[in-house]
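Before any comments, here is the structure.
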Amino acid sequence: MITLALSKGRIFEETLPLLAAAGIEVLEDPEKTRKLILPTNQPDVRVVLVRATDVPTYVQHGGADLGVAGKDVLLEHGGEGLYQPLDLNIAKCRMSVAVREGFDYAAEVRQGTRLRVATKYTAVARQHFADKGVHVDLIKLYGSMELAPLTGLADAIVDLVSTGKTLVANKLVEVEHIMEISSRLVVNQAALKLKRDRLRPLIDAFATAIPA
Ligand code: ATP
Ligand code: MG
């Protein structure tokens, strides 16, 4: 049995064409069922639905043989025990620093102000500001980062941006681009050895179907 870990939403939707290229069709719609294990048209392949941040953990510990996870999630996890053969070029966005309209980020940085930064991505944020030599106090959040600068919880946030509409709607501006984000295929290293005959063709089929 091959177990693939996916999160509901954009990653599930954007992985479907890659699965199709490998001849795999998921037989139930995650938005309509309450099931967490979904069968496919291949009797030896199943999909497990987990939170996006839990995908690397499932794959690392063998709860799934492979999975699809964002670079953001993988950087926070650390990637330990994971083989990362493919950048799938799906679920694309960027990780950025944003502040409230009217907050002069460049001036604060120039003056050496200690900034309070709220984010779900503390590892990436810590590294980014250390590289720039900017002193920060990081505040860990699990969602709705946009609210932090508006309520005075933080001076800045580090968050994912795609269209920028959420920032605009909350009167925030993007002031620094940290990195481009896309999702990657992650494979359990032991599974790759033990189930190589089944996994290798699957990885190769995925590779042929990566969107431009
Ligand atoms: P949840 O929404 O359940 O709290 P999550 O935000 O981690 O969890 P998703 O919103 O499905 O889950 O995001 C999954 C992945 O998709 C992220 O890890 C990231 O790589 C990518 N992603 C997140 N936001 C965007 C976006 N606005 N545009 C494109 N890709 C995104
Ligand atoms: Mg989300």
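Order of appearance sets the numbers: ligands from 1, and atoms from 1 within every ligand. Note that this is a predicted model, so its numbers are computed, not measured. In what follows, every heavy atom counts, from backbone to side chain, and hydrogens, waters and symmetry copies are set aside.
Here's the thing with Asp72: one of its N/O atoms is less than 3.5 angstrom from an N/O atom of ligand 1. Taking distance alone, with nitrogen or oxygen atoms compared against 3.5 Å, Thr53 stays at or beyond that limit from ligand 1. Ligand 1 has a nitrogen or oxygen under 3.5 angstrom from a nitrogen or oxygen of Ala91. Considering backbone and side-chain N/O of Ser183, none are found under 3.5 Å from N/O of ligand 1. Considering both main-chain and side-chain atoms, Lys71 never comes within under 3.5 Å of ligand 1 through any nitrogen or oxygen pair.
With a 6.0 Å radius and a threshold of 12 heavy atoms from other residues, nucleotides or ligands, Tyr105 has its OH atom above the threshold. Applying the 6.0 Å contact sphere to CZ of Arg51 captures no more than 12 heavy atoms from other residues, nucleotides or ligands. Applying the 6.0 Å contact sphere to NE2 of His177 captures more than 12 heavy atoms from other residues, nucleotides or ligands. More than 12 heavy atoms of other residues, nucleotides or ligands lie within 6.0 Å of CD in Gln111, so this atom counts as buried by the packing criterion.
Those atoms of ligand 1 with a heavy atom of Ser162 less than 4.0 angstrom away are 26 (C), 27 (N), 28 (N). Within ligand 1, counting atoms from 1 as listed, the ones closer than 4.0 Å to a heavy atom of Lys120 are 5 (P), 6 (O), 7 (O). Ligand 1 places these atoms under 4.0 Å from at least one heavy atom of Val73: 18 (O). Every atom of ligand 1 with a heavy atom of Gly70 under 4.0 Å away is listed here by number and element: 20 (O). Of all the atoms in ligand 1, the ones that sit under 4.0 Å from a non-hydrogen atom of Lys92 are 28 (N), 29 (C), 30 (N).
The existence of a salt bridge linking Asp155 and Arg116 is confirmed by a sub-4.0 Å separation between a basic side-chain nitrogen and an acidic carboxylate oxygen. Using a 4.0 Å cut-off between a side-chain N of Lys or Arg and a carboxylate O of Asp or Glu, Glu28 and Lys35 qualify as a salt bridge.
Taking both residues in full, the closest heavy atoms of Glu80 and Gln60 are given as O-CG, 3.3 Å, listed atom of the first, atom of the second, then distance.
Closest protein heavy atom to atom 11 (O) of ligand 1: Lys8 O, 3.8 Å. Among all non-hydrogen protein atoms, the one lying nearest atom 4 (O) of ligand 1 is Arg51 NH2, 3.1 Å. Protein heavy atom closest to atom 12 (O) of ligand 1, with residue, atom name and distance, is Ala52 CB, 3.7 Å. Ranking the protein heavy atoms by distance from atom 15 (C) of ligand 1 puts Ile11 CD1, 3.7 Å first. Counting only heavy atoms of the protein, atom 24 (N) of ligand 1 lies nearest to Arg10 NH1, 3.2 Å.
Ligand 1 has Leu160 within reach: a non-hydrogen atom of the residue lies less than 4.0 Å from it.
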**OP:** Determine, step by step, whether Asp159 and Lys120 satisfy the salt bridge (Lys or Arg N to Asp or Glu O under 4.0 Å) criterion, reporting the C-alpha distance in whole Å, the side-chain angles of both residues, the deciding distance to 0.1 Å, and the verdict.
**Re:** CA-CA 7 Å; Asp159 199 2; Lys120 185 170 159 182; over 6 Å; no
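In this structure, atom 30 (N) of ligand 1 has a protein heavy-atom contact shorter than 4.0 Å.
Residue contacts with ligand 1, taken as heavy atom pairs separated by less than 4.0 Å, involve Ile181 solely via side-chain atoms from C-beta onward.
Asp54 contributes no side-chain N or O that, together with a main-chain N or O of Thr57, makes up a donor-acceptor pair within less than 3.5 Å. Judged purely by atom type and a 3.5 angstrom limit, Thr113 has no side-chain atom pairing as donor or acceptor with the backbone of Val109.
In this structure, Asn188 and Leu82 have side chains that are not in contact, with every pair of non-hydrogen atoms separated by 4.5 Å or more.
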